Amino acid sequence: MEKKVKRIGVLTSGGDAPGMNAAVRAVVRTANTKGLECVGIRRGWSGLISSDFVVLTGESVGHILTRGGTILYTARSDEFMTEAGQQKAVATCKMLGLDAIIAIGGDGTFRGALDLSRLGVPVVGVPATIDNDVGCTNYTIGFDSACNTAVECIDKLRDTMQSHERCSVVEVMGRNAGFLALYVGISVGATAVLIPEHKLDFQKDVVEVIQNSRLAGNTHFMVVVAEGVGSALDIGRRIKETIGIDPRVTVLGHIQRGGSPTARDRETATRMGYHAVVALAEGRGNTIIATQEGSIVEIPIEDALKMKKHLQMDRYKIMEAMQLGISSCR
Ligand code: F6P
């Protein structure tokens with residue numbers, strides 16, 4: 001980076017995730033220790049276009065560590081995808097004297113970060129999305145909290161399904177990835193887990209596992225569907241047509257994005273926010289702060305955006321083993 005950083009803008013963009021506030025707090029507090037000023041940009045990239053900002057101090061980020069959502073608000077900006085929008089954002093950076101931006105969000109946020117960095121504004125990205133689908137990092141802030149929220153909801157559903165001897169079909173978020181569904185499915189002991197990374201064979205993956213479970217003496221069933229597979233309503237309808245049971249369908253939806261972050265998310269967000277500021281203070285911009293094998297690493301944004309993350313299919317096998325192992329060896 002050519003210029004020494006004195007003033008940093010921090011923003012949250014894309015879908016909110018529990019732990020975003022913890023990351024904002026870590027950025028501001030770390031910046032204080034390095035003698036850097038922090039300006040919060042509200043409503044993501046659109047706030048940078050319209051110069052929607054708030055000065056952040058060590059005190060103003062007090063008591064946000066435990067809060068879900070984002071105090072900076074968030075948005076998805078179409079205008080920022082245009083050259084004209086990006087030029088307005090550069091003008092805002094000049095006007096506010098921002099030497100660099102820390103952008104907290106997912107892949108969409110980082111594509112914006114790359115565009116801005118090409119126009120001369122150094123950016124550091126901090127991965128936060130409940131989907132855990134950012135290629136360069138093992139972990140994204142918010143994933144653990146969303147998993148725990150979904151597990152808590154599904155445990156409750158199980159109580160009523162068990163009492164009524166019913167089948168529940170639950171749709172969880174995750175966009176095009178099955179991380180959330182698979183981790184949640186394993187954690188709730190689902191009868192079946194449908195994820196986009198595994199081509200659905202309805203007979204084998206749904207009908208047979210429900211029948212096996214029934215043969216093993218179960219009278220209620222839990223089918224977890226990743227939204228990337230399709231609608232849980234359709235899966236419910238097919239179960240009714242094929243097996244003749246009448247499932248209850250629940251779409252967990254945005255409830256998975258809310259709530260106080262778990263310890264894992266608070267701690268990871270604090271570490272990532274800290275390292276984002278350290279990188280800028282030491283003259284390194286245009287990187288994503290990632291976790292790899294438990295350590296924090298910095299990856300150039302351009303490379304990071306090309307990286308693909310594959311769901312560990314050994315976890316899918318483990319889930320299948322829990323289905324198959326339901327009946328004892330004879
Ligand atoms: O990326 C986070 C996420 O919650 C996805 O899981 C989901 O597909 C999407 O955002 C929903 O977006 P919106 O809040 O715009 O409905």
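Just so we're clear, the structure is a prediction, and the values are computed from it rather than from any experiment. Counting starts at 1 for both ligands and their atoms, following the listed order.
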Nearest protein heavy atom with distance in Å, relative to [atom]:
| atom | answer |
| --- | --- |
| atom 15 (O) of ligand 1 | R76 NH1, 2.6 Å |
| atom 3 (C) of ligand 1 | R257 NH1, 3.4 Å |
| atom 2 (C) of ligand 1 | D131 OD2, 3.3 Å |
| atom 9 (C) of ligand 1 | R175 NH2, 3.5 Å |

Carboxylate-amine/guanidinium contact E267 R271, below 4.0 Å: yes
Numbered atoms of ligand 1 (with element) below 4.0 Å of E227, judged on heavy atoms: 5 (C), 6 (O), 7 (C), 8 (O)
Atom indices of ligand 1, in the order listed, that fall short of 4.0 Å to a heavy atom of H254: 13 (P), 14 (O), 16 (O)
Derivation of the salt bridge (charged side-chain N to carboxylate O under 4.0 Å, His left out) call for D78 and R76: CA-CA 7 Å; D78 289 337; R76 295 189 174 98; over 6 Å; no
Neighbour count above 12 (heavy atom, 6.0 Å) for Y139 OH: yes
Test item: Q86 and R118 side chains (from C-beta on) under 4.5 Å apart, heavy atoms: no
C93 side chain reached by L48 side chain, heavy atoms, under 4.5 Å: yes
ILVMFWY cluster, W45 and V90 together (side-chain gap under 4.5 Å): yes
Whether G174 lies under 4.0 Å from ligand 1, heavy atom: yes
